[in-house]
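Indexing begins at 1, ligand by ligand and atom by atom, following the structure's order. Sequence positions, counted from 1, serve as the residue numbers for this chain.
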Amino acid sequence: MYAPTGVRTSTDFPIPDTMKAWVLGDPGELLLRDKPVPVPKKAEVLVRIDAVAICATDLEIIYHGPPALILGGMPHNKNFTPGHEYMGTVVALGPGVDEYRIGQRVTVEIHAGCGQCKRCREGMYTACHNYGLNYGDVDKGHRANGFTTDGGFCEYQVNNINTLVAIPDAMSDEEATLVVTAGTAMYGLTELGGLVAGESVVVTGPGPIGLLGVAVAKALGAHPVILTGTRDNRLKIGRELGADHVINVRRDDAVAVVRRLNGGKGVDYVLECSGAPNAVNEAVRMVNRGGKVCLAAFPHEETPVDIAEIVRNNIYVYGIRGEGKSATHRAEAFMSQKRFDATKIHTHTFPLDDLPTAIRYAKDRVEDAIKVVVKARGVSAAHKVAAE
Ligand SMILES: [Zn+2]
Ligand SMILES: [Zn+2]
């Protein structure tokens, strides 16, 4: 029975010594293994994982490797468990933890910085200077579960208390897995971008971050909010989440339409979520002079950029690799107040044992999958469950 020294547990939530965990083998290969249930240290809790969403970045990691960084290198064949968009129930408390209680439902954000570098001290723990240094004699304690430490495609995981976001009972497991996605868009628009109500926003690319970027921008009071994409069904969901205008780039010249909708001047912000080859140049032409372009998607190829256009127009271009500055807490506040319905992007649920099928649905967009969730409990292995 699980009873590590100094760790508080409860008979209400019995914890086994070992758990089922998916581990990454060769590129594209996931293997179901038994692993010891991890032990929380100071400022950490043990989370029983109830649901985990699949992200495009998981597919990058599973099939290609980066941005995961395990023991200073590629993540394959290192007994590494990917998955980073999970939620669950706190079932054990590390020494001294009184910020959360056993039985509390939480969702998680990804990055627990080292806490000692310049960026962590500024609150920019996503840009920790000791990223991935959590092993051997270079152990700075950095954790980014699913990237530099074991993640959520398993039954239990250890989380720093700073990565936890408490959620209300009314929020479903599936919805809770989407908090970090909304928090990523929030961080790009507010903490890094400085968006205030009444400013105009274009979101390019109606994937999960793009669609929730629309919802967050609208909830923040942005106006107008414009979404561009190639598929009408995705654009329709964008409308339901608050887009004032949608542009199908297969039919219309998005730059021209955006400028026309904004008095010929363009918008204050573009949140670029498509990763398309010419996306940066188009974004730069969609913003007004002094406008800001937030890059939230990473293309595989190096991309030529029209620097002269950026220089001549005082345009800001910045990247985000994920959430930060506790933006997930503010995103959760919007979601628990029902300012938008994030579950509109959840399309499929599979049991944890069927992770490879779930990955295939996400990767090949089977049945138009957007967000695919796997659950360790409460889903029968025989049936996938369509979204509510
Ligand atoms: Zn993600
Ligand atoms: Zn740091």
Taking atom CZ as the centre, does R365 end up with more than 12 heavy-atom neighbours from other residues, nucleotides or ligands that are less than 6.0 angstrom away?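 For R365, atom CZ is not crowded (no more than 12 foreign heavy atoms under 6.0 Å).
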Which protein N, O or S atoms does the Zn ion (ligand 1) have within a distance shorter than 2.8 Å?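 As for protein N, O or S atoms lying under 2.8 Å from the Zn ion (ligand 1), they are C55 SG, H84 NE2, E85 OE2.
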When you check the gap from the basic side-chain N to the acidic O, do D50 and R105 get nearer than 4.0 Å? no
Are R285 and E282 within salt-bridge range, i.e. N to O under 4.0 Å? no
Determine the minimum heavy-atom distance between E44 and V97, stating which atoms define it.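 The pair with the smallest heavy-atom distance is O-CG2, 3.4 Å.
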Taking the six-membered ring where the residue is Trp, are the ring centres of Y361 and F350 under 6.0 Å apart? yes
What protein N, O or S atoms come within a distance below 2.8 Å of the Zn ion (ligand 2), ordered by chain and number? C114 SG, C117 SG, C120 SG, C128 SG
Heavy-atom side-chain proximity of V203 to T228 below 4.5 angstrom: no
Within residues 152-170 or reaching into it, pairs that qualify as salt bridge (Lys or Arg N to Asp or Glu O under 4.0 Å) - sequence neighbours excluded: none
Output all residues satisfying ring pair (Phe, Tyr, Trp, His ring centres under 6.0 Å) with H223, sequence neighbours left out; order by chain, then residue number.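 Partners of H223 under the ring pair (Phe, Tyr, Trp, His ring centres under 6.0 Å) test: none.
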Can you find a side-chain donor-acceptor pair between H329 and E323 that sits under 3.5 Å?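 H329 vs E323: no donor-acceptor pair found between side chains.
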